[in-house]
Amino acid sequence: MRGERSSFLSLFENDKPADSSIAIPERKGRSEELIKDRNELIVCRHYYYTRIKELQYHRTLERLEKEVFLSKITIINIVAANNKLLKAINADKPGVKYFREKFPFMVW
């Protein structure tokens, strides 16, 4: 949430000594690590729905759209951008057990 850190720190501004300063990194934008993890989850769910559940392509996109709150075109772009990962998953042909262990918070 924007400004969350600064509003929290302003509560304690009077308590800190004048010579000490808190270094707050000025990195703006989204975490690359979280985006990578989200994209991996989307690719795994795409594989799960198309290969294991054997859903049609448009049904897979509809389900993913509801699960990850992204538009269909964004999901298509993510899967296309992570084509190498999708090919690796297709080559390994993992079962439901693999996905349950990798993403235990999802219903597989």
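Starting from 1, each residue takes its place in the sequence as its number.
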How far does [atom1] of [X] sit from [atom2] of [Y], to the nearest 0.5 angstrom?
{"X": "Lys36", "Y": "Leu85", "atom1": "NZ", "atom2": "CG", "answer": "9.5 Å"}
{"X": "Ile42", "Y": "Ile76", "atom1": "CD1", "atom2": "CD1", "answer": "12.0 Å"}
{"X": "Ile73", "Y": "Ile78", "atom1": "CD1", "atom2": "CD1", "answer": "11.0 Å"}
{"X": "Tyr47", "Y": "Thr50", "atom1": "OH", "atom2": "OG1", "answer": "8.0 Å"}
{"X": "Thr60", "Y": "Tyr48", "atom1": "OG1", "atom2": "OH", "answer": "11.0 Å"}
{"X": "His58", "Y": "Lys72", "atom1": "NE2", "atom2": "NZ", "answer": "8.0 Å"}

Min side-chain heavy-atom separation [X]-[Y] under 4.5 Å:
{"X": "Trp108", "Y": "Glu101", "value": "no"}
{"X": "Leu41", "Y": "Met106", "value": "yes"}
{"X": "Leu61", "Y": "Tyr49", "value": "no"}
{"X": "Val68", "Y": "Ile75", "value": "yes"}

Check your understanding: For residues 41-58, which residue pairs qualify under salt bridge (Lys or Arg N to Asp or Glu O under 4.0 Å), counting only residues two or more places apart or in two chains?
Key -> Arg45-Glu67
Exercise for review: Could you walk me through whether Glu40 and Lys102 pass side chain to side chain contact (heavy atoms under 4.5 Å, CB included), step by step?
Suggested key: CA-CA 11 Å; Glu40 183 179 4; Lys102 187 160 184 70; 2.7 Å; yes
Review point. According to a 4.5 Å side-chain heavy-atom criterion applied to Ile, Leu, Val, Met, Phe, Trp and Tyr, with indirect links allowed, do Phe69 and Val107 form part of one hydrophobic cluster?
Key: no
Exercise for review: Can you see which heavy atom on Val43 is nearest to which on Val79, and at what distance?
Suggested key: CG2-CA, 4.4 Å
Practice item. Looking only at non-hydrogen atoms, find the nearest pair between Glu65 and Leu70 and report the distance. Key: CG-O, 3.1 Å
Report all side-chain donor-acceptor pairs from residues 89-98 shorter than 3.5 Å, counting only partners two or more places apart or in another chain.
from, atom 1, to, atom 2, distance (Å)
Asn90, ND2, Leu86, O, 3.4
Lys93, NZ, Asn90, O, 3.3

Exercise for review: Evaluate whether atom CZ of Arg63 has more than 12 neighbouring non-hydrogen atoms of other residues, nucleotides or ligands under 6.0 angstrom away.
Suggested key: no
Practice item. Step by step, work out the side chain to side chain contact (heavy atoms under 4.5 Å, CB included) result for Arg38 and Arg30. Key: CA-CA 12 Å; Arg38 180 206 62 188; Arg30 297 169 29 199; 3.3 Å; yes
